[in-house]
Amino acid sequence: MSKVYVFDTTLRDGEQSPGASLNLEEKLKVAQQLERLNVDIVEAGFPIASEGDFEAVSAIAQRVRRPTIAALARATHLDIDRAWQAIRLARKPRIHTFIATSDIHLEHKLKKTRDQVLEQAVEAVRYARSLCEEVEFSAEDATRSDPDYLCRIFEATIEAGASVINIPDTVGYAVPDEFGALFREIIRRVPNSGKAIFSSHCHNDLGLGVANSLAAIRNGARQVECTVNGIGERAGNAALEEIVMALRTRREALQHHTDIRTEEIYRSSRLLSNLTGIFVQPNKAIVGKNAFAHEAGIHQDGMLKNALTYEIMTPQTVGIASSTLVLGKHSGRHALKKKYQELGYELEGEALEKAYWFFTKVADQKKEIYDEDLITIIQDGIKIIPDTYTLKYLQVIGGNQPVSTATVRLTRGEESWLDSATGDGPIDATYRAIDRITGLPGRLLDYTLTSVTRGKDALGEAFVHVLFNEKNYTGKAASTDMIDASARAYLNAVNKALHEKRVLGTVEVHAINSKV
Ligand code: KIV
Ligand code: ZN
């Protein structure tokens, strides 16, 4: 069985999904989780795209040491220099350079001939190779390109020093047989193909991203490019967890393996959803809420007799803890610590204290505490961004009338502010009251509330996208009370905006006015 390298592009192609943007600390958290997941290559970003992207890629290159760190660059010296600057301190850096090869792109986008593009690609690879040992070349829109031309450009770029050749299905147009055949043909026809690893990069516009990736593997690809939860532009990219679990569950049929620690899959999925606010649908393969739930009586009966009847893989293989009642309000720190160990989290000192404090709050209001509750507690409790404001008090008067009133007390260090506002419903009123205190008016773009477990007393998770000073921030929080979760999610976004320090002046002025 040969190994397939997993190239994760969650932080580059995935982060291009609408609403998925992450700040530096969040990107670092995702990269560290990808390292735990044991991906081979982390594509950390596109450094020329923005200062923020550059900073994030260079922080990841310096702090995430096990995997190769790749940075994307168009086929120009300027892009390549920027990519190299960002990753040069990585333990294993890789420059990933690309140019479009389809006639559609050449004619309408690049306005260049095939020969000009080939020359530019070769020059880019040669230049990248003069800076970095490892260079990957991608032929954008490869699946709508002429295979003869692809063979020419791949032979020339391998000759120029590319050791990885990526064949992207940029627009998600391919179907499995055809995509597999393309790999077979290219590898057979390119005379120096033995000097490179061939890679697939599939988009999911026809829902075939994973099927196409598997077809590529069956026909010679030894690297797959994919994202956690399949996030990505439009319909997304091929989902990492689906490719990996297909290879593992059907190893006899597919005859390839990856080095992914599958027990880290669920945690990676949850972390990404929590940070981006892009949640997977309940029936999503591998990581959806219902992926291992057996509802029909006949299935439940079979499962009780023998899990093999309806289960092709166990939830534990992907790190989903079985949702049994675990702890109650009388459980102590020791039991909590032990339970977290079982779930794969090592909590000590302040982190344990924080989790315990949150746990007692939840346990006071909720009879049954499930593993999902504990995971939510810890993900909510791990503060990536320091809190500027903390919610101390919230009272809302509302009902089925159009106007609600909210009174909010926030603290910042030793200082405390109290203010009230009316609004169109309890959440609008709460957000307006918070805005009055912080002096930082936010425009709510998106709001989601999901229940983490079952029952009327379930823990609810609120997720918001808010625009402050024309920039989009996400916020999240969990609570057994939905207004409390909503208020704290909004405050989480406020704190992120404040953390970026661009708006502090305005805040100080207004906050002094309403100080009590
Ligand atoms: O989809 C695509 O073609 C890409 C390339 C930059 C690899 O993301
Ligand atoms: Zn892509």
Side-chain angles (χ1 to χ4, degrees), residues 5-18 20 39-50 53 57 68-76 78-80 82-83 86-87 94-106 108-110 117 120-121 124-125 128 134-146 149-150 153-154 157 162-174 179 182-183 186 196-210 212-213 216 221 223-240 243:
Y5 289 87
V6 175
F7 176 115
D8 181 278
T9 183
T10 305
L11 291 171
R12 199 278 297 168
D13 225 352
E15 213 237 354
Q16 286 173 215
S17 321
V39 305
D40 299 285
I41 303 107
V42 170
E43 185 165 50
F46 189 12
I48 194 92
S50 70
D53 238 35
V57 176
T68 295
I69 306 297
L72 187 69
R74 284 165 300 190
T76 68
L78 203 66
D79 274 38
I80 292 168
R82 198 77 177 134
I87 54 166
R94 178 187 292 184
I95 296 176
H96 176 193
T97 187
F98 74 99
I99 193 161
T101 50
S102 67
D103 288 337
I104 303 173
H105 280 236
L106 263 57
H108 301 288
K109 189 177 85 175
L110 300 176
V117 164
Q120 190 176 337
V125 170
E134 213 168 88
V135 174
E136 169 171 340
F137 172 70
S138 285
E140 191 190 9
D141 205 18
T143 49
R144 292 190 301 166
S145 304
D146 173 4
Y149 180 54
L150 285 178
I153 203 164
F154 291 152
T157 47
S163 54
V164 182
I165 293 294
N166 187 33
I167 307 184
D169 183 24
T170 305
V171 289
Y173 178 72
F179 196 54
L182 182 65
F183 272 78
I186 285 172
I197 287 179
F198 281 78
S199 164
S200 79
H201 175 111
C202 296
H203 281 266
N204 207 27
D205 299 66
L206 293 173
L208 294 170
V210 171
N212 286 336
S213 307
Q223 174 179 288
V224 267
E225 304 198 354
C226 45
T227 61
V228 173
N229 294 344
I231 68 163
E233 270 195 276
R234 308 185 310 276
N237 289 55
L240 178 147
I243 297 172

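Counting starts at 1 for both ligands and their atoms, in listed order.
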**Asked** Does a side-chain N-to-carboxylate-O contact under 4.0 Å join E140 and K109?
**Response**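 So E140 pairs with K109 through a salt bridge.
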
How many angstroms lie between atom [atom1] of [X] and atom [atom2] of [Y], to the nearest 0.5 angstrom?
X    : Y    : atom1 : atom2 : value
T157 : N166 : OG1   : CG    : 11.0 Å
E134 : I41  : CD    : CD1   : 7.0 Å
L240 : T10  : CG    : OG1   : 7.0 Å

**Prompt:** Would you find a donor on one side and an acceptor on the other, under 3.5 Å apart, between the side chain of D8 and the backbone of V39?
**Reply:**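 Flag not set: sc D8 to bb V39 has no pair under 3.5 Å.
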
**Asked** Where the side chain of Q120 meets the backbone of A75, is there a donor-acceptor pair that is under 3.5 Å apart?
**Response**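 Judged by distance alone, yes, a pair lies under 3.5 Å.
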
For the Zn ion (ligand 2), give me the closest N/O/S atom belonging to [X], just the atom name.
X    : answer
H203 : NE2
H201 : NE2
D13  : OD2

Could you say whether the N/O atoms of [X] and ligand 1 ever approach to under 3.5 Å?
X    : value
S138 : no
N166 : no
H203 : yes

**Item:** Options H105, R12, E140, H201, ranked by nearest heavy atom to atom 6 (C) of ligand 1, top entry
**Value:**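 Ranked by closest heavy atom to atom 6 (C) of ligand 1, first place is R12.
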
**Request:** Under 4.0 Å from a heavy atom of P168: give me the atoms of ligand 1 that qualify, with their elements.
**Result:**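 This gives 2 (C), 3 (O) as the contact atoms.
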
**Item:** Interfacing atoms of ligand 1 (cut-off 4.0 Å, heavy-atom, D13)
**Value:**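 Atoms satisfying the 4.0 Å criterion: 8 (O).
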
**Request:** Considering heavy atoms of the protein only, find what lies nearest to atom 3 (O) of ligand 1 and give residue, atom and distance to 0.1 Å.
**Result:**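 That would be T170 OG1, 2.6 Å.
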
**Message:** Under 2.8 Å from the Zn ion (ligand 2), can any N, O or S atom of E225 be found?
**Reply:**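 Not a single backbone or side-chain N, O or S atom of E225 is under 2.8 Å from the Zn ion (ligand 2).
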
**Request:** Return the orientation label for the H201 and H203 ring planes: parallel under 30°, perpendicular over 60°, tilted otherwise.
**Result:**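 The rings of H201 and H203 sit tilted, inter-plane angle from 30° to 60°.
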
**Prompt:** If you measure only the distance, is there a donor-acceptor pair under 3.5 Å linking the side chains of D141 and S102?
**Reply:**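 Distance-only check passes for D141 and S102.
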
